[in-house]
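What follows is a short report on a single structure.
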Amino acid sequence: MDYIPVIIILILILVIIIAIYCGISYIRNKARNVSRALFGTSDITKAAEQMKQEYSTTPKSVSAMTSLLLPKIVSDFPAFQYDEMKERAENILIHYLRAITDRQPALLQDGTTELKDQLTNHIQMLSARNLREHFEQIRIHRTEISQYRKTEGRCIITFQSALECYRYITNTTDPSGAVQEGSQKYKYQTKYNVDLIYIQDRNRVEHERDNALGVNCPNCGAPLSSLGAKVCEYCGTPVIEINIHAWSFSNIDEVR
């Protein structure tokens with residue numbers, strides 16, 4: 001009679017073990033079935049590899065507002081050349097990333113002082129931590145206008161680009177060049193915002209920290225209600241013929 005409680009406990013333990021085993025087997029089989037249905041293989045490791053490969057080759061979607069915003073921009077700036085500005089936005093983004101890779105801020109020729117300072121600070125921050133960020137085989141899938149903002153004579157157009165590359169970070173003190181972050185095997189899919197601003201006076205902007213300058217009449221100083229206006233509505237002074245106006249890139253940010 002003294003052995004009965006022990007036997008009962010052993011039986012309960014055995015039942016629990018069997019239940020756990022059956023549960024694990026069920027979950028494993030379920031995972032294999034799902035893997036087989038989605039990826040054509042019951043090997044979960046292989047399926048995970050396929051997922052990584054698929055993710056690395058699927059471009060990010062961009063906020064495509066070009067068809068809505070471009071008419072407003074052209075209304076303000078009839079001479080605005082969309083195709084030219086789009087190409088410039090893509091080129092400056094590629095040069096920006098290559099400058100980071102080569103740790104050479106001078107490779108970025110276009111853009112405001114603010115953008116060049118942003119690039120220099122990024123490279124210096126990595127250098128201070130003995131890190132080097134690599135962007136290789138850069139390819140831009142698509143670029144669209146995502147935002148158009150103007151307040152009190154200021155104008156900023158944001159281009160958004162879907163981009164792929166091999167992105168990874170190494171330690172400059174490690175002679176083996178081992179990858180600390182990112183991958184040399186899988187492509188990195190991401191998107192970037194590139195800000196294009198209207199500059200009233202290029203000489204002045206080099207000395208201003210706020211590069212999105214207000215556009216004002218050169219005679220009376222009144223703000224221009226329309227950024228494409230040729231004449232000040234307050235005093236009648238010609239504007240376009242007097243002011244040096246240009247477009248320049250002021251900021252580049254990755255969209256996470």
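Note: hydrogens, waters and symmetry copies are ignored here, and every other heavy atom, side chains too, is used. Small disclaimer: the values here were computed from a predicted structure and weren't measured.
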(request) Please list, chain by chain and in numerical order, all residues satisfying salt bridge (Lys or Arg N to Asp or Glu O under 4.0 Å) with Lys187, sequence neighbours excluded. (result)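 Testing Lys187 for salt bridge (Lys or Arg N to Asp or Glu O under 4.0 Å), a comparison that skips the adjacent residues, returns Glu164.
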
(message) For a 4.5 angstrom cut-off between non-hydrogen side-chain atoms, does Lys72 reach Ile145?
(response) no

(message) Counting C-beta onward and ignoring hydrogens, is there a side-chain heavy-atom pair between Ile252 and Asp195 closer than 4.5 Å?
(response)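 Heavy-atom side-chain distance check fails, nothing below 4.5 Å.
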
Would you find a donor on one side and an acceptor on the other, under 3.5 Å apart, between the side chain of [X] and the backbone of [Y]?
X: Ser146; Y: Phe159; value: no
X: Ser161; Y: Leu163; value: no
X: Ser75; Y: Pro71; value: no
X: Lys191; Y: Gln160; value: no
X: Asp174; Y: Ser176; value: yes

Verify same cluster id: [X], [Y] (apolar side-chain graph, 4.5 Å):
X: Ile157; Y: Val62; value: no
X: Leu70; Y: Phe249; value: yes
X: Leu119; Y: Leu196; value: yes
X: Val179; Y: Tyr166; value: no
X: Val194; Y: Val255; value: no

(message) Can you tell me which residue among Phe80, Phe77, Tyr148 is in a ring pair (Phe, Tyr, Trp, His ring centres under 6.0 Å) with Tyr198?
(response)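 That would be Phe77; it is the only one of Phe80, Phe77, Tyr148 passing the ring pair (Phe, Tyr, Trp, His ring centres under 6.0 Å) with Tyr198.
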
(request) Answer yes or no: is there an ion pair linking Arg142 with Glu144, defined by an N-O contact shorter than 4.0 Å? (result) yes

Check side chain to side chain donor-acceptor pair (under 3.5 Å) between [X] and all other residues, then give those that pass, not counting sequence neighbours.
X: Thr173; value: Asn171
X: Arg139; value: none
X: Ser63; value: none
X: Glu181; value: Arg167

For the [atom1] atom of [X] and the [atom2] atom of [Y], what is their distance to the nearest 0.5 Å?
X: Gln147; Y: Leu69; atom1: CD; atom2: CG; value: 8.5 Å
X: Leu108; Y: Asp110; atom1: CG; atom2: CG; value: 7.0 Å
X: Glu114; Y: Ser250; atom1: CD; atom2: OG; value: 5.5 Å
X: Cys155; Y: Ile197; atom1: SG; atom2: CD1; value: 9.0 Å

(message) Which residues pass the ring pair (Phe, Tyr, Trp, His ring centres under 6.0 Å) test with Tyr192, not counting sequence neighbours?
(response)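 Scan of Tyr192 (ring pair (Phe, Tyr, Trp, His ring centres under 6.0 Å), adjacent residues dropped) gives none.
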
(message) Suppose we screen for ring pair (Phe, Tyr, Trp, His ring centres under 6.0 Å). Which residues come up paired with Tyr168, at least two apart in sequence or across chains?
(response) His134

(message) Who clusters with Leu107? Use side-chain heavy atoms, under 4.5 angstrom, across I, L, V, M, F, W and Y, and order the result by chain and number.
(response) none

(request) Kindly give the cluster partners of Leu14, where membership spreads through any ILVMFWY side chain lying under 4.5 Å from a current member. (result) Ile18

(request) Walk me through it: do Arg256 and Glu254 pass the test salt bridge (charged side-chain N to carboxylate O under 4.0 Å, His left out)? (result) CA-CA 6 Å; Arg256 299 288 185 175; Glu254 184 175 10; 3.2 Å; yes

Can I get a per-line list of side-chain donor-acceptor pairs under 3.5 Å for residues 122-132, giving both atom names and the distance, sequence neighbours left out?
from   : atom 1 : to     : atom 2 : distance (Å)
His122 : NE2    : Glu133 : OE1    : 2.8
Arg132 : NE     : Thr101 : O      : 2.9
Arg132 : NH2    : Thr101 : O      : 2.9

(request) Heavy atoms only: give me the nearest Ser56-Gln189 pair and the separation to one decimal. (result)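 Reported closest heavy-atom pair: O-NE2, 2.7 Å.
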
(request) Indicate the atoms forming the closest heavy-atom contact of Thr120 with Pro105, along with that distance. (result) OG1-CB, 3.6 Å

Mind listing the side-chain donor-acceptor pairs of residues 90-99 below 3.5 Å, one per line with the distance, residues two or more places apart or on another chain?
from  : atom 1 : to     : atom 2 : distance (Å)
Glu90 : OE2    : Thr143 : OG1    : 2.7
Asn91 : ND2    : Glu87  : O      : 3.3
His95 : ND1    : Asn91  : O      : 2.7
Tyr96 : OH     : Gln118 : NE2    : 3.3

(request) Please lay out, stage by stage, how Asn251 and Asn193 fare under the test side-chain contact (heavy atoms from CB on, under 4.5 Å). (result) CA-CA 8 Å; Asn251 186 64; Asn193 283 341; over 6 Å; no

(request) Could you please spell out the steps behind the side-chain contact (heavy atoms from CB on, under 4.5 Å) verdict for Leu115 and Thr113? (result) CA-CA 5 Å; Leu115 179 60; Thr113 300; over 6 Å; no

(message) Holding to side chain to side chain contact (heavy atoms under 4.5 Å, CB included), I want the full list of residues that pass it with Ile20, two or more places apart in sequence or in another chain.
(response) Ile16, Ile24

